Amino acid sequence: MKIAVPKEIKNHEYRVALTPTGARELATRGHSVTVQVGAGEGAGFADTDYEAAGARLEADVDTLWSEAELILKVKEPQPEEVARLSRGQTLFTYLHLAAEEKLTRGLMESGATCIAYETVTDRQGGLPLLAPMSTVAGRMAIQAGAHSLEKAQGGSGVLLPGVPGVAPGRVTVIGGGVVGENAARMALGLGAEVSVLDKSIARLEVLDDRYQGRMKTIFSTADAIDEAVRESDLIVGAVLIPGAAAPKLITRAMLADMKPGSVLVDVAIDQGGCFETSKPTTHAEPTYVVDGIVHYCVANMPGAVARTSTQALTNATLPFVIALADKGWKRALADDAHFLPGLNVHDGQITYRAVAEAFGLKSVDPATLV
Ligand SMILES: NC(=O)C1=CN([C@@H]2O[C@H](COP(=O)(O)OP(=O)(O)OC[C@H]3O[C@@H](n4cnc5c(N)ncnc54)[C@H](O)[C@@H]3O)[C@@H](O)[C@H]2O)C=CC1
Ligand SMILES: CC(=O)C(=O)O
Ligand SMILES: [Mg+2]
């Protein structure tokens, strides 16, 4: 199969969808792998590393896209990338469509087959292609939050660990999944006082057991969120309803109850964000202030630590990429009930129910297409 790996073009996105190690696995299976010149640079992979792995380099973006059968990316396609997609091509990347109607409609119009990393499932009920980046983003959320608490960023001037004689800062994490656990773990490591809210008792049990009561686990209700808003120095938004737009759990009116200079880090921003006042930001300008509360809402947090993230992402995606390349999308999805929910758009139709529901559109059961 003809596989193309473009250079990512989103703001400060330095990851690449395939490492040279991955390129070698595909090339030895007889696939043609073409990598855009400079695509791996930001993650520390030189063009010559790809060549040594058996890939071909292409400097012309038009040629790269137009000749490909399978396109591997990291971030959701930007408008100029959507314009390059056509019927018969398969795109495999993060899509986060429920947060972006224009992108959804653009992909439908392209006629292409679009498979999202974030809706592929596993036997344990997890999201194996979202998890590695959620681990990264969760760990980064506390770094970002701690920095945002500094006065120069508009923060309250609280040092999360405190110092002898001065209490530590309070961190609340809403959503105790992969992002949430990793954020809470980092906050604990820094010496902050940590609470995790989740709607899933099973998840709270896991956290209680794993951390032996060192973080408070709280069932997520409107009352619990009201209390978190009043008491926290830093709140991390880490909820997910797979494929769907995130629920808005903190409204603008509630910001008035927060301590001035407190910080909201909305990791769920890629699914639209879980705070009413969240809007996507970039690594170039990651924060803004609303009603005295600092908001950090970067939608591609792992892009900033591209070396670690690229390796972690491609470790997870490679088996699925190999299945797509060896079998074609239809058989790859038909053979694997956990890969099948990755299909979000095919030939003008939405194939993921929560995405269709977000825009009042109809969805087609992907099982009927493979
Ligand atoms: N901004 C970025 O760069 C990145 C963002 N993400 C995003 O972070 C979000 C979280 O991802 P994961 O942790 O992997 O998901 P996950 O599925 O592991 O965890 C989500 C948790 O939220 C809980 N939840 C759902 N509704 C809730 C509510 N109302 N109150 C409290 N908890 C609730 C669920 O029970 C679940 O435990 C996703 O939107 C994901 O796309 C992930 C990686 C990078
Ligand atoms: C999951 C996601 O949005 C990211 O890694 O950028
Ligand atoms: Mg996004």
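Since this is a predicted model, take the numbers as computed values, not measurements.
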Original post:
So how far is it from M1 CE to S32 OG, rounded to the nearest 0.5 Å?
Top reply: 11.0 Å

Original post:
Is there a side-chain contact between Y50 and V33, using heavy atoms and a 4.5 Å cut-off?
Top reply: no

Subject >> Mutual orientation of the aromatic rings belonging to Y94 and Y117 [parallel < 30°, tilted 30-60°, perpendicular > 60°] >> reply: perpendicular

Original post:
Which other residues end up in the same hydrophobic cluster as V163, if Ile, Leu, Val, Met, Phe, Trp and Tyr are linked when side-chain heavy atoms come under 4.5 Å apart?
Top reply: L159, V166

**OP:** Output every pair passing side-chain hydrogen bond (donor to acceptor under 3.5 Å, both in side chains) with a member in residues 126-141, not counting sequence neighbours, ordered by first then second residue.
**Re:** R139-N182

Subject >> Salt-bridge criterion met for R185 and E181 (N-O under 4.0 Å) >> reply: no

Original post:
Does a side-chain heavy-atom distance below 4.5 Å link F339 with V370?
Top reply: no

Subject >> From E227 atom CD to S232 atom OG, the distance as rounded to the nearest 0.5 Å >> reply: 9.0 Å

Subject >> Least distance between heavy atoms, T310 atom then A43 atom >> reply: OG1-CB, 3.5 Å

Original post:
Would V171 and V265 show up in the same hydrophobic cluster when neighbours are defined by side-chain heavy atoms closer than 4.5 Å?
Top reply: yes

**OP:** Determine, using the 4.5 Å side-chain heavy-atom cutoff (strictly less than), whether L72 and L91 are members of one ILVMFWY cluster.
**Re:** no

Subject >> Connected via hydrophobic side-chain network under 4.5 Å: I71 and F92 >> reply: no

**OP:** Enumerate the residue pairs fulfilling side-chain hydrogen bond (donor to acceptor under 3.5 Å, both in side chains) with a member in residues 351-370, sequence neighbours excluded, ordered by first and then second residue.
**Re:** none

Original post:
Is the side chain of T28 donor-acceptor paired with the backbone N or O of E25 at a distance under 3.5 Å, no angle test?
Top reply: yes

Subject >> From H147 atom NE2 to Q153 atom CD, the distance as rounded to the nearest 0.5 Å >> reply: 3.5 Å

Subject >> Heavy-atom pair of closest approach, residues A98 and A245 >> reply: CB-N, 3.5 Å

Original post:
Are E109 and R105 within salt-bridge range, i.e. N to O under 4.0 Å?
Top reply: no

Original post:
Are the side chain of E81 and the backbone N or O of Q78 linked by a donor-acceptor pair below 3.5 Å?
Top reply: yes

Original post:
Which heavy atom in L149 sits nearest to a heavy atom in S262, and how many Å separate them?
Top reply: CD2-CA, 4.5 Å

Subject >> Contacts of type ring-ring contact (aromatic ring centres under 6.0 Å, His included), residue F45, not counting sequence neighbours >> reply: none

Subject >> Over 12 foreign heavy atoms within 6.0 Å of CZ, R24 >> reply: no

Original post:
Side-chain heavy atoms under 4.5 angstrom apart, residues restricted to Ile, Leu, Val, Met, Phe, Trp, Tyr: same cluster for I350 and L340?
Top reply: no

Original post:
Within a radius of less than 6.0 Å around CD of E41, do more than 12 heavy atoms belonging to other residues, nucleotides or ligands occur?
Top reply: no

Original post:
Sub-3.5 Å donor-acceptor pair from the side chain of E8 to the main-chain atoms of K75, do we have one?
Top reply: yes

**OP:** Mind running side-chain contact (heavy atoms from CB on, under 4.5 Å) on L127 and E118 for me, showing each step along the way?
**Re:** CA-CA 7 Å; L127 302 167; E118 75 274 7; over 6 Å; no

**OP:** To the nearest 0.5 angstrom, please state how far the CD atom of Q271 sits from the CG atom of L240.
**Re:** 6.0 Å

**OP:** Take I9 and E80 through the side-chain contact (heavy atoms from CB on, under 4.5 Å) test and state the conclusion after the steps.
**Re:** CA-CA 10 Å; I9 58 173; E80 66 180 84; 3.6 Å; yes

**OP:** Using the test side-chain contact (heavy atoms from CB on, under 4.5 Å), find all partners of R170 that sit at least two apart in sequence or belong to another chain.
**Re:** E193, E231, D233

**OP:** List the atom of L160, the atom of A146, and the distance in Å for their closest heavy-atom pair.
**Re:** CD1-CB, 4.0 Å

Original post:
If we only count heavy atoms from C-beta on, is the D266 to H295 side-chain gap below 4.5 Å?
Top reply: no

Original post:
Does NZ belonging to K216 count more than 12 external heavy atoms closer than 6.0 Å?
Top reply: no

Original post:
Where does the angle between the aromatic ring planes of Y14 and H12 fall among parallel (under 30°), tilted (30 to 60°) and perpendicular (over 60°)?
Top reply: perpendicular

**OP:** State whether the side chain of T281 and the backbone N or O of V298 hold a donor-acceptor pair below 3.5 Å, judged by distance alone.
**Re:** yes

Subject >> Expected output: side-chain S309 to main-chain A306 donor-acceptor under 3.5 Å >> reply: no

Original post:
Measuring from Q311:CD to T308:OG1, what's the distance to the nearest 0.5 Å?
Top reply: 6.5 Å

Original post:
Rest of the hydrophobic cluster containing Y288 (Ile/Leu/Val/Met/Phe/Trp/Tyr, side-chain heavy atoms under 4.5 Å)?
Top reply: I174, L197, I218, I225, V229, I235, V239, L249, I250, M254, L255, M258, L264, F275, V290, I293

**OP:** Verify, without hydrogens or angle tests, whether K10 (side chain) and V74 (backbone) share a donor-acceptor contact under 3.5 angstrom.
**Re:** no

**OP:** State, with a plain yes or no, whether a side-chain heavy atom of D335 is found less than 4.5 Å away from one of K327.
**Re:** yes

Subject >> Under 3.5 Å: donor-acceptor pair, side chain of Q36, backbone of K7 >> reply: yes

**OP:** Could you tell me whether the side chain of I322 reaches within less than 4.5 Å of the side chain of H31, counting heavy atoms only?
**Re:** no

Original post:
How far apart are the C-alpha atoms of V16 and V35, what are their side-chain angles, what is the distance that settles it, and do they pass the side-chain contact (heavy atoms from CB on, under 4.5 Å) test?
Top reply: CA-CA 10 Å; V16 60; V35 177; 5.5 Å; no

**OP:** Check whether any side-chain heavy atom of L130 lies under 4.5 Å from a side-chain heavy atom of V178, and answer yes or no.
**Re:** no

Original post:
How close do G22 and L318 get, heavy atom to heavy atom, and via which atoms?
Top reply: CA-CD1, 3.9 Å

Original post:
Rounded to the nearest 0.5 Å, what separation is found between the CG atom of N300 and the CZ atom of R15?
Top reply: 6.0 Å

Original post:
Are the side chain of T119 and the backbone of P341 linked by a donor-acceptor contact shorter than 3.5 Å?
Top reply: yes

**OP:** Could you tell me whether the side chain of K151 and the main chain of G157 form a donor-acceptor pair under 3.5 Å?
**Re:** no

Original post:
Linking I/L/V/M/F/W/Y whenever any side-chain heavy atoms sit under 4.5 Å apart, do V120 and V179 land together?
Top reply: yes

**OP:** List the steps and the verdict of side-chain contact (heavy atoms from CB on, under 4.5 Å) for T93 and E76.
**Re:** CA-CA 6 Å; T93 189; E76 71 281 353; 5.8 Å; no

Original post:
Do L70 and W329 touch side chain to side chain, with heavy atoms closer than 4.5 Å?
Top reply: no

**OP:** Give the minimum heavy-atom separation between V236 and A183, together with the two atoms involved.
**Re:** CG1-CB, 4.3 Å

Original post:
Just by distance, do the side chain of D270 and the backbone of A299 share a donor-acceptor pair under 3.5 Å?
Top reply: no

Subject >> Pairwise side-chain contact, T217 with Y211, heavy-atom cut-off 4.5 Å (strictly under) >> reply: no

